[in-house]
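Take a look at the structure set out below.
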Amino acid sequence: MKKLLLISYSKLDSDPRVIRHYEALRNDFEVHTAGLGPLASDLPFELMEGEKADFRYKFHLRFPMVIRKFFSVLFRAFERLKKLFPASYYEALYWSPARLRFAEKMRHAGFDLVLANDIDTLPLALKIAGQNGKVIIDSHEYHPLEFEDNPGWMKESKPLADYLCRKYLPEADAMFTVCDGICEKFKIEFGVNPIVISNATSYNELLPSENSSGVRLVHHGIAIRARQIELMVDMMKFLDQRFTLNLLLMPVDKIYFKELEQLASVDSRIRFENVVPTHQIPRAINKYDVGLFLLPPVNFNYKHALPNKFFEFIQARLAIAVGPSPEMANLVQKHGLGIISENFSAK
């Protein structure tokens with residue numbers, strides 16, 4: 001059986017797309033994984049290095065995120081080097097000692113295929129695969145504009161993302177991405193030809209829940225300021241007493257999460273519910289009526305968002321209410337899934 005390395009700079013226990021990679025490939029490959037953090041009990045595997053298993057999962061390696069700020073400070077003093085030798089600058093910026101050590105350790109494992117999630121892992125995957133292995137990159141976002149609403153990121157990190165995409169994307173044997181808009185952008189800017197594999201979640205055998213009164217809205221996801229979740233909270237001012245809004249939010253930005261709680265505290269119809277593991281989301285939200293997602297297009301990736309939650313709404317058998325985000329709106333309209341607002345305002 002051929003050996004595959006699944007690699008991602010994310011927590012493998014809470015990254016839905018990476019989990020789906022594992023579940024899709026585990027019967028055909030001897031799958032090894034490398035990512036951040038321990039594996040959680042909600043996955044079909046929970047092992048650390050050296051432990052035995054009855055299935056093909058062999059080991060899970062932790063490896064640290066590259067400390068970019070260190071290199072940024074170091075090389076800022078050599079701005080002329082960046083201008084004169086940009087390739088050398090960005091290669092040095094990328095290849096931290098930790099990455100080099102990890103690549104050397106894994107290179108001897110003899111992987112037939114390395115599946116790299118996002119551009120941060122692609123150079124590493126290519127070095128690990130060497131001459132005999134194949135590499136696939138799965139781009140969850142359009143990397144050079146991932147945080148274009150953040151001026152600091154655009155100044156410090158966008159040039160590196162541009163460089164990595166231009167140099168390394170053509171070296172991959174195949175490429176996946178999540179939606180048509182992002183796929184077309186990669187084609188135009190870098191001359192690559194990605195395959196679109198959406199964030200569709202596993203099929204759930206569910207029926208719409210019975211409802212005797214009221215309209216129960218639900219939104220789930222991570223609480224970060226760029227998503228402007230306060231718009232969905234403000235929206236409740238324009239709805240009558242039939243409506244309730246239920247929020248299942250991971251407090252990634254704890255300050256912002258507290259602000260949302262404070263904002264919602266004046267309306268008893270807005271409730272914060274406990275989050276659940278990824279694979280339990282459709283069944284957990286099946287008791288509601290409408291999946292809600294209003295995402296202002298503050299950056300390119302938000303404009304073309306077609307997220308996990310959209311497909312989890314579908315599997316939960318909910319009606320869907322979204323803003324005029326083209327990827328989501330297209331599917332809502334095509335399949336009669338719900339309603340699309342005229343704009344991204346709360347009203």
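Without hydrogens or angle criteria, Tyr288 side chain to Ser209 main chain gives no donor-acceptor distance under 3.5 Å. Looking at Tyr22, its side chain never comes within 3.5 Å of a backbone N or O of Val31 through a donor-acceptor pair. At distances below 3.5 Å, not a single donor-acceptor pair connects side-chain atoms of Asp267 with backbone N or O atoms of Lys237. Within the 3.5 Å criterion, the main-chain N or O of Asp149 finds no donor-acceptor partner in the side chain of Asn299. Panel note: side chain Asp112, backbone Leu4; no donor-acceptor pair is recorded below 3.5 Å. Distance alone, capped at 3.5 Å, is enough to place a donor-acceptor pair between the Asn204 side chain and the Ser202 backbone. A distance-only check finds a donor-acceptor pair linking the side chain of Arg269 to the backbone of Leu239 [under 3.5 Å]. With hydrogens and angles disregarded, no donor-acceptor distance shorter than 3.5 Å links the side chain of Asn246 to the backbone of Arg271.
Linking ILVMFWY side-chain heavy atoms closer than 4.5 Å, directly or via other members, places Leu292 and Met236 in a single hydrophobic cluster. When hydrophobic clusters are built by joining Ile, Leu, Val, Met, Phe, Trp and Tyr residues whose side-chain heavy atoms come closer than 4.5 Å, directly or via intermediates, Tyr9 is not grouped with Val252. Under the 4.5 Å side-chain heavy-atom criterion for grouping Ile, Leu, Val, Met, Phe, Trp and Tyr, Val196 is not connected to Leu306 through any hydrophobic cluster. Transitive grouping of hydrophobic side chains (ILVMFWY, heavy atoms separated by less than 4.5 Å) keeps Ile314 and Ile19 in distinct clusters. Both Ile137 and Trp95 belong to a single network of hydrophobic side chains, linked directly or stepwise wherever heavy atoms of I, L, V, M, F, W or Y lie under 4.5 Å apart.
Annotation: the span from Asn286 atom CG to Gln315 atom CD amounts to 11.0 Å, rounded to 0.5 Å. In this structure, CE in Met232 is found 10.0 Å from CD in Gln228, a value given to the nearest 0.5 Å. One distance of note links CD1 of Ile222 with CE of Met250; it measures 7.5 Å at 0.5 Å rounding. Once rounded to the nearest 0.5 Å, the distance linking OG of Ser265 with CZ of Phe272 reads 9.0 Å. For the atom pair CD of Glu146 and CG of Asp118, the computed distance is 6.5 Å after rounding to the nearest 0.5 Å. How far OG of Ser88 is from CG of Leu93: 12.0 Å, rounded to the nearest 0.5 Å.
Taking the salt bridge (Lys or Arg N to Asp or Glu O under 4.0 Å) definition, one finds that Arg317 meets it with nothing, sequence neighbours left out. The side chain to side chain donor-acceptor pair (under 3.5 Å) test applied to Tyr302 returns no partner, not counting sequence neighbours. Evaluation of the side chain to side chain contact (heavy atoms under 4.5 Å, CB included) rule for Ala319 yields Val290 as partners, not counting sequence neighbours. Evaluation of the side chain to side chain donor-acceptor pair (under 3.5 Å) rule for Lys158 yields Asp162 as partners, not counting sequence neighbours. Looking at residues two or more places apart in sequence or on another chain, you find no side chain to side chain contact (heavy atoms under 4.5 Å, CB included) involving Ala24. Qualifying ring-ring contact (aromatic ring centres under 6.0 Å, His included) partners for Tyr163, counting only residues two or more places apart in sequence or in other chains: Tyr90. A search for salt bridge (Lys or Arg N to Asp or Glu O under 4.0 Å) contacts involving Glu230 returns nothing, not counting sequence neighbours.
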Leu113 vs Leu25, side chain to side chain contact (heavy atoms under 4.5 Å, CB included): CA-CA, chis, key distance, verdict: CA-CA 11 Å; Leu113 176 63; Leu25 296 167; 5.9 Å; no
Worked check of side chain to side chain contact (heavy atoms under 4.5 Å, CB included) between Asp138 and His21: CA-CA 10 Å; Asp138 183 15; His21 286 327; 2.7 Å; yes
Candidate pair Arg107 and Glu104, rule salt bridge (Lys or Arg N to Asp or Glu O under 4.0 Å), full reasoning: CA-CA 5 Å; Arg107 191 169 59 84; Glu104 183 61 26; 3.1 Å; yes
Check against side chain to side chain contact (heavy atoms under 4.5 Å, CB included), His219 and Leu294: CA-CA 9 Å; His219 173 83; Leu294 187 66; over 6 Å; no
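Two residues are said to be in side-chain contact when any heavy atoms from C-beta on lie closer than 4.5 Å; Leu164 and Pro123 meet this criterion. Contact of the Leu145 side chain with the Lys185 side chain is registered, since non-hydrogen atoms from C-beta on lie closer than 4.5 Å. Taking the side chain as every heavy atom from C-beta outward, Phe293 and Ser325 never approach each other to under 4.5 Å. Taking 4.5 Å as the limit, every side-chain heavy atom of Phe147 sits out of range of all side-chain heavy atoms of Met154. At a threshold of 4.5 Å between non-hydrogen side-chain atoms, the residues Leu122 and Lys167 do not count as touching.
Each salt bridge (charged side-chain N to carboxylate O under 4.0 Å, His left out) pair with one or both residues in residues 203-218, not counting sequence neighbours, appears once here: Arg216-Asp289. Residue pairs meeting the salt bridge (charged side-chain N to carboxylate O under 4.0 Å, His left out) criterion with at least one member in residues 240-255, sequence neighbours excluded: Asp240-Arg242. Residue pairs meeting the ring pair (Phe, Tyr, Trp, His ring centres under 6.0 Å) criterion with at least one member in residues 308-331, sequence neighbours excluded: His220-Phe313.
For the pair Leu295 and Ala305, the tightest heavy-atom approach, listed with the atom from each and the gap, is CD2-CB, 3.6 Å. Ser10 and Val18 make their closest contact through OG-CG2, 4.2 Å (heavy atoms, listed as atom of the first residue, atom of the second, distance). Nearest approach of Thr121 to Ala116, heavy atoms of both residues: OG1-CB, 3.1 Å. Among all heavy-atom pairs drawn from Asn211 and Gly214, the shortest one is ND2-O, 2.7 Å. Closest approach of Ala346 and Leu231 over heavy atoms only: CB-O, 3.5 Å. For the residue pair Ala223 and Leu249, the shortest heavy atom distance occurs at CB-CB, 4.3 Å.
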For residues 329-344, which side-chain donor-acceptor pairs fall under 3.5 Å, sequence neighbours excluded?
{"unit_1": "Ser341", "atom_1": "OG", "unit_2": "Asn343", "atom_2": "O", "d": "2.7"}
{"unit_1": "Asn343", "atom_1": "OD1", "unit_2": "Ser345", "atom_2": "N", "d": "3.0"}
{"unit_1": "Asn343", "atom_1": "OD1", "unit_2": "Ser345", "atom_2": "OG", "d": "2.7"}

Could you pull out all donor-acceptor pairs under 3.5 Å where a side-chain atom in residues 171-184 meets a protein atom, sequence neighbours excluded?
{"unit_1": "Asp173", "atom_1": "OD2", "unit_2": "Val135", "atom_2": "N", "d": "2.8"}
{"unit_1": "Thr177", "atom_1": "OG1", "unit_2": "Ser139", "atom_2": "O", "d": "2.9"}
{"unit_1": "Glu184", "atom_1": "OE2", "unit_2": "Lys187", "atom_2": "NZ", "d": "3.4"}

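Judged purely by distance below 3.5 Å, without hydrogens or angles, the side chains of Asn199 and Arg17 pair a donor atom with an acceptor atom.
With respect to Leu217, the side-chain contact (heavy atoms from CB on, under 4.5 Å) criterion is satisfied by exactly one of Leu245, Ile270, Thr244, Leu318: Leu245.
Cation-pi geometry between Lys3 and Phe111 is satisfied (NZ or CZ under 6.0 Å from the ring centre, within 45° of the ring normal).
Ion pairing between a basic and an acidic side chain is recognised when a charged N comes within 4.0 Å of a carboxylate O; Arg20 and Glu23 show no such pairing. Salt-bridge check for Glu312 with Lys309: failed, with every basic side-chain N at 4.0 Å or more from each acidic carboxylate O.
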